[in-house]
Amino acid sequence: MLIAVLSGFILALSLVITGKWIKGKGAPLVGLFPLALFGYFVSFFPAIMKGESLTFTYEWIPSLGVNLSFHLDGLSLLFCLLITGIGALVFFYTAPYLKEHIYLDRFFGYLSMFMGSMLGLVLSDNIITLFVFWELTSISSFFLIGFNNESEESRRSAMMALSMTGIGGLFLLASMIVLGTVGGSYEISTLLGSADMIKEHENYLWIIGLLFIGAFTKSAQFPFHFWLPDAMKAPTPVSTYLHSATMVKAGIYLLARFTPMLGETVYWNGTLIIIGSITMVYAAIHAVFRLDLKGILAYSTISALGILVFLIGLGTDQALLAAAVFILVHALYKATLFLITGIIDHETGTRDVSKLSGLNKVMLPVGIAGILAAISNAGIPPSFGFVGKDLIYEATLGFETLIWVLSGVALLTNICLMYAGFQAGIKPFTGQLPKAYEKVHLPSPLMWVPPLLLGSLGMVFGLMPFLIDKSLIQAVVNAMIRGGALDVELKLWHGFNLVLLLSGITLAAGFLLYYFLKPSALLEAKTNRWEKLSPKSLTKGLGGIFSGISKLWTGFFQNGYLRYYLIFALTFLTFILAYKLFKETELYINFNDLTGITFYEVAAMVIIAFAVLFTVLTKSRLAAVASLGVVGYSICLVFLFYSAPDLAMTQFSIDTLTVILFVLVIYNLPKYLKLSNQISRVRDGIMSVIFGALISILTLEVLNEPVLKETSQFYAENAYTLAKGKNVVNVILVDFRGTDTFVEITVLAIAALGVYSLLKLQLKSTEKE
Amino acid sequence: MAIAILLLFFWKKKNAQKLISVLGNLISVGIAIWLFYIVWENGIYFTQAGDWDAPYGIPIVADTLSAVMVLLTGICGLAVSVFSVGSVRNARVNFGYFPILHFLLMGLNGAFLTGDIFNLYVWFEVIIISSFVLLTIGGEKSQIEGSIKYVTMNLLASSIFLTAIAILYGLTGSLNMADLSLKVAALENRGLVNVTAFLFFVGFGIKSAVFPLYFWLPASYHTPPPAISAIFGGLLTKVGVYALFRIFSLIFIPDEFLLNLICTVAALTIFSGAVGALTQINLRKIFSYLIICHIGFMIAGLGMFTELAITGAIFYMIHDIIVKTNLFMSAGLIFKIKGTYNIKKLGGLYAAYPKLTLLMAIPLFSLVGIPPLSGFWAKIYLIDAGFQLKNYALVGFIILGSFLTLFVIAKVWSEVFWKESEELTAKEWVRYFKDLKPLKQKAIIIPILFLGLVSLYIGFGAEHIITVSSRIAHELLHTEPYIKTILQK
């Protein structure tokens with residue numbers, strides 16, 4: 001199982017080496033790989049049919065509770081089959097579709113990486129691993145949407161899709177982490193056992209709220225849907241595979257998978273019903289007015305995803321059954337429609353539905369596929385779509401409340417979807433063939449066989465539902481129901497009842513709509529007027545505002561002036577220091593403990609004070625430096641008073657040296673410029689005074705504390721006996737704390753090197769970089 | 001043992017040759033691995049410099065955190081010195097580029113290994129002065145301007161740090177960290193202790209570039225040659241973070257107020273870094289802002305102050321050091337290929353250099369934390385810790401930061417790799433990648449590949465890293481063994 005999942009990635013990597021061959025003759029053969037996987041998953045049919053499920057576990061990061069554990073039940077199997085089955089067809093289809101494209105190898109690489117991630121996603125039993133694969137599908141989708149990387153539109157759409165699914169992914173991650181913490185495990189199979197506890201936990205709303213955002217962004221639910229129509233910039237095989245059949249259903253899969261664990265609460269069901277119904281109606285109406293075939297299909301896909309969310313939201317056994325069937329129905333007909341759109345685009349060079357007609361005459365098999373898909377889409381008996389639609393109506397009619405609202409919503413959606421399906425599957429093939437397209441010919445069989453095959457399957461399952469009801473659908477539904485043991489039997493004919501009536505109304509209305517409403521640019525333009533209010537524009541506006549804020553924020557703080565940086569830093573320091581000092585410490589200074597002040601000290605202080613004032617106020621650099629020197633010397637005096645003659649000497653020599661150096665440097669500088677105005681001087685002055693005062697208070701406070709002299713006593717006592725030195729300070733410097741001195745010497749050496757290179761190395765302009 | 005590392009670096013001072021630099025770094029990686037092995041197997045390893053017992057002498061201590069940091073320094077140092085061989089101009093080499101690079105590495109190692117707070121200050125001096133020199137070598141105007149800002153802010157940090165040390169010494173009469181740990185805990189005037197702790201926070205905060213103290217970083221990191229910004233981007237800010245973790249676990253146990261402050265600062269740091277990256281068009285400036293953003297993640301781990309959160313933060317730091325170093329080297333490579341850092345002008349790398357693109361995709365997407373790459377796993381810990389503490393706002397900022405990182409990197413990808421490239425007029429002062437000798441080309445590519453592999457390992461072998469980080473977190477929160485070992489009680 002692990003190998004099955006990872007093989008996609010291995011294949012992707014191997015394409016780096018075998019790229020040349022793939023670009024040449026190998027292209028059609030790559031499809032054999034997903035086909036083999038398809039066969040592999042089909043082999044699990046008997047086990048699943050018996051209601052068993054299989055688990056495979058490989059340790060990965062046990063200390064985090066993250067394992068590569070795979071669980072194969074009906075739900076996973078359905079998705080695996082869709083992923084590998086449609087995958088195989090798409091791979092075959094791609095070979096001629098992108099024939100001789102220079103990056104065909106990379107395309108296959110991304111595609112198989114995507115397939116691997118998608119398999120991992122639907123098979124993972126560990127929710128963190130699930131998330132890992134979830135993100136990998138997003139990133140491979142990013143590469144695939146941006147495949148035509150030289151078109152700006154493509155790049156922008158790829159960014160948009162990645163942003164939307166990326167942020168959703170992060171929310172999902174948060175949700176999974178909280179879920180894991182609440183439930184005490186990251187394994188779905190374990191979590192299922194504590195479902196009741198999770199639902200009562202205070203973090204339940206966080207879990208589902210964040211999970212919803214993840215699922216809705218991925219499955220393009222309102223108001224996060226807008227990335228999907230944009231993602232249609234990708235080559236058609238990608239749209240078929242990722243953006244209709246598999247990836248966008250990941251969100252649906254997630255909801256279905258967590259239904260038995262988190263479902264059956266008002267919040268869960270209510271949210272899903274509301275979001276699902278808004279999405280399905282909104283997108284279905286949009287689909288009616290599109291002209292671009294891919295646009296039509298994109299919106300109808302969103303609408304179909306809405307139906308699925310809606311059904312999972314209803315949450316009854318009936319509804320879940322309908323969802324299970326509809327996943328398959330939709331995958332079959334929508335993939336077909338996308339594939340034929342790709343063919344039309346490839347051969348005629350346009351996707352504008354108002355220009356296309358009569359193509360039946362030049363590409364009959366494609367037309368047949370289209371019509372089959374449109375029939376299944378519309379739910380005309382005896383197609384599989386009819387079975388699906390019946391189940392949807394049964395679900396809405398069987399719900400506890402609001403039956404007519406729910407059914408009405410479903411009805412409206414189905415009518416619009418039927419129209420959209422006809423536009424995409426029938427309109428281009430019927431009527432007059434325009435002159436321009438007379439020379440159009442049928443493409444390679446690798447391109448037209450896959451849609452025909454998928455289209456026919458939609459019919460086969462409709463006529464013979466017993467092929468899959470017990471074997472697959474039953475297991476799928478039972479995976480979505482807690483402790484599910486539902487017995488499923490699908491039938492084409494249910495007799496005359498309300499459901500049939502609704503189906504009839506759908507068909508009639510759909511036909512009427514198709515007959516009367518012709519697609520036109522005018523109508524599309526009319527709907528575009530609402531664009532300003534659409535979630536897409538709102539999000540864009542929000543993004544604009546956010547980037548404005550970013551600019552302001554960054555510009556305000558990172559304004560390029562060193563003095564403001566210092567002010568920011570010092571203000572921050574001063575404020576909090578002041579707050580802490582006044583709030584938390586007792587400001588009590590015991591003057592009695594302090595030694596008396598002598599005349600000399602006062603004198604030294606007065607000198608320092610004058611010198612500082614002079615430094616600040618003077619207009620000449622030289623004078624400022626000189627008075628700084630005075631400050632230094634006065635400090636020497638203070639040291640001297642406190643019987644630290646060696647410190648005083650050190651300070652004295654350093655000060656002398658500094659002043660001399662300063663003078664040397666200043667000599668070469670231009671004349672003193674008065675850069676600051678009065679106000680900023682006052683501001684700086686106030687800041688310095690406050691800061692100085694705070695530090696002084698702090699120091700005095702510290703002096704109040706009892707002195708611990710253990711260390712210094714040790715130094716004093718042992719300097720002579722152990723370290724053989726008479727001067728304690730010297731001994732500390734060169735022995736007790738020799739390392740410090742040693743390193744400080746190094747600092748000086750480095751500084752010297754630096755000054756040397758700064759003065760001597762002037763890179764010529766030809767050598768910069 | 002640790003001294004050996006130091007001596008090794010001194011030895012190099014006289015041999016400013018590329019080969020020796022690379023060899024020296026290889027040896028120091030070897031020693032670092034050995035040190036890590038010893039510490040992992042036997043616990044804390046230490047030497048009393050000058051053989052004076054604690055708390056009187058200066059101990060050199062390697063616990064797991066220090067050993068890991070030294071190892072990471074070794075790895076990045078090795079990569080950068082190889083990269084420098086390919087990318088740094090001879091003129092710079094003649095003026096002591098390599099020795100000073102090694103002084104910097106020595107300073108970093110010293111800071112990671114010292115067990116004495118004043119000694120830490122001294123190592124910080126080494127780091128500042130050598131990074132200052134590295135920033136200015138070459139003497140371009142923008143370099144000087146950036147380095148003035150850099151050095152001013154860092155000197156401010158140093159003086160605050162020094163003030164804090166002085167106050168601490170006044171309170172306790174000791175400088176040994178282990179000794180301080182006991183004495184600070186015994187102090188009665190908690191208010192004063194908290195004030196001192198805050199001073200330390202500001203001092204190290206400036207160095208680790210947190211809000212509102214980060215300004216020096218975006219002002220200076222984009223100016224020096226790529227090899228230098230690589231080592232800066234990877235390691236310099238992390239010393240500050242390391243010091244924060246060390247001080248606030250060993251010496252101070254942060255009070256409620258400080259923890260809240262750290263969390264707020266972390267959130268705003270993430271925000272400032274992310275939105276800053278959003279507004280830039282210079283590749284290296286983008287990465288500089290992202291450094292700030294991700295420092296926020298680590299500080300957030302400190303602010304939450306649970307074992308879970310600290311594990312996450314340490315994991316993130318390990319990942320970030322490798323990836324950021326690699327990113328700045330990649331930026332250097334891009335510059336060598338195209339002659340500009342402006343993402344509006346860049347483009348076409350995907351078409352022209354597919355294999356290099358794949359190579360550079362590793363650090364880019366590791367940084368975003370596309371699972372299972374290295375940036376991802378730490379976030380699980382951070383988010384988990386945030387939810388457990390009910391600090392939803394911080395989790396929100398972490399998510400926002402991750403998202404904006406994703407967005408920014410996707411933008412970089414789209415602009416630099418995907419977009420069709422404009423014909424760039426050749427600038428004569430740029431020596432283009434394609435014109436370099438094959439040996440030099442390899443010297444540029446191999447370190448990127450090497451660090452790429454390391455970050456892949458961090459991602460896929462996350463189990464190992466998690467084991468290490470959780471042990472570090474445990475050691476940080478349970479300091480008794482550390483204190484006992486050092487004071488030999």
Side-chain angles (χ1 to χ4, degrees), chain A residues 61 63-64 132 135 139 146 149-150 155 159 162-163 166-167 170 174 177-178 181 547 550-551 553-554 558 562 565 568-569 572-573 576 580-581 584-585 698 701-702 705 708-711 714 735-740 743-744 746-747 750-751 753-754 757-758 761-763 765-769, chain B residues 49-50 52 56-58 89 91 95-96 100 103 119 122 125-126 129-130 133 136-139 149 152 167 170-174 189 191-192 194-195 198 202 212-213 215 218 275-276 278-279 350 370-372 380 383-384 387 399 402-403 406-407 410 414 418 420 428-430 462-463 466-467:
Chain A
I61 307 176
S63 46
L64 202 56
V132 169
E135 283 292 88
I139 201 82
N149 57 45
E150 276 157 11
R155 290 200 303 269
M159 289 279 293
L162 184 67
S163 310
I167 190 130
L170 286 165
I177 292 171
V178 182
T181 315
S547 88
S550 311
K551 285 214 175 81
W553 178 278
T554 312
Q558 197 74 31
L562 182 57
Y565 300 164
F568 284 134
F572 174 69
L573 177 65
I576 299 196
K580 292 287 273 188
L581 261 182
E584 295 195 9
T585 62
L698 191 57
E701 284 271 316
V702 173
E705 292 295 311
L708 298 165
K709 282 200 167 156
E710 200 189 329
T711 315
F714 174 86
D735 198 338
F736 290 124
R737 304 191 60 90
T739 321
D740 283 348
V743 179
E744 281 293 353
T746 322
V747 173
I750 303 168
L753 269 175
S757 72
L758 196 57
L761 170 68
Q762 293 293 342
L763 286 183
S765 61
T766 50
E767 284 193 326
K768 269 194 232 166
E769 95 190 40
Chain B
W52 291 105
Y56 311 112
I58 298 172
R89 283 298 169 94
F95 283 88
I100 293 172
F103 277 125
N119 197 236
V122 175
E125 295 273 280
V126 174
I129 196 77
S130 27
V133 173
T136 52
I137 286 187
K149 287 171 187 164
T152 315
I167 292 170
L171 285 173
T172 61
S174 178
N189 192 340
L192 214 49
N194 290 338
V195 171
F198 173 70
V202 173
L213 314 162
F215 312 107
V275 300
L278 214 53
T279 55
Y350 183 64
I370 296 293
I380 296 186
I383 294 176
D384 197 358
F387 268 105
I399 289 180
S402 309
F403 170 67
L406 170 78
F407 185 81
S414 146
W418 271 354
E420 254 177 306
E428 57 179 87
W429 48 271
V430 182
E463 174 68 20
I466 286 174
T467 320

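Side chains are part of it too, since the values below use all heavy atoms of this structure and drop only hydrogens, waters and symmetry mates. Per chain, numbering begins at 1; letters A, B, ... match sequence-line order.
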*Using non-hydrogen atoms only, which part of A/V132 is less than 4.5 Å away from chain B: side chain, backbone, both, or neither?*
both
*Looking at A/S547, A/S163, A/A174, which makes the most heavy-atom pairs under 4.5 Å with chain B?*
A/S163
_As an exercise, state the distance from CD1 of B/I380 to CD1 of A/I61, rounded to the nearest 0.5 Å._
7.5 Å
_Between B/I370 and chain A, with a heavy-atom cut-off of 4.5 Å, which part of the residue counts as in contact: side chain, backbone, both or neither?_
side chain
*Among B/S130, B/P212, B/G276, which has the most heavy-atom pairs under 4.5 Å with chain A?*
B/P212
*asked:* Is A/I139 in contact with chain B via its backbone, its side chain, both, or neither, using a 4.5 Å heavy-atom distance?
replied: side chain
*Measuring heavy-atom distances to chain A, does B/F407 have an atom under 4.5 Å in its side chain, in its backbone, in both, or in neither?*
both
*What residues, two or more places apart in sequence or in another chain, satisfy side-chain hydrogen bond (donor to acceptor under 3.5 Å, both in side chains) together with A/T554?*
none
_Just verifying a value: how many Å separate A/I167 CD1 and B/I399 CD1, rounded to the nearest 0.5 Å?_
8.0 Å
*Side chain, backbone, both or neither: which part of B/V202 has an atom under 4.5 Å from a heavy atom of chain A?*
side chain
_When you compare the side chain of A/T181 with that of B/F387, does any pair of heavy atoms fall below 4.5 Å?_
no
_pair A/F568-B/L213: side-chain heavy atoms closer than 4.5 Å_ = no
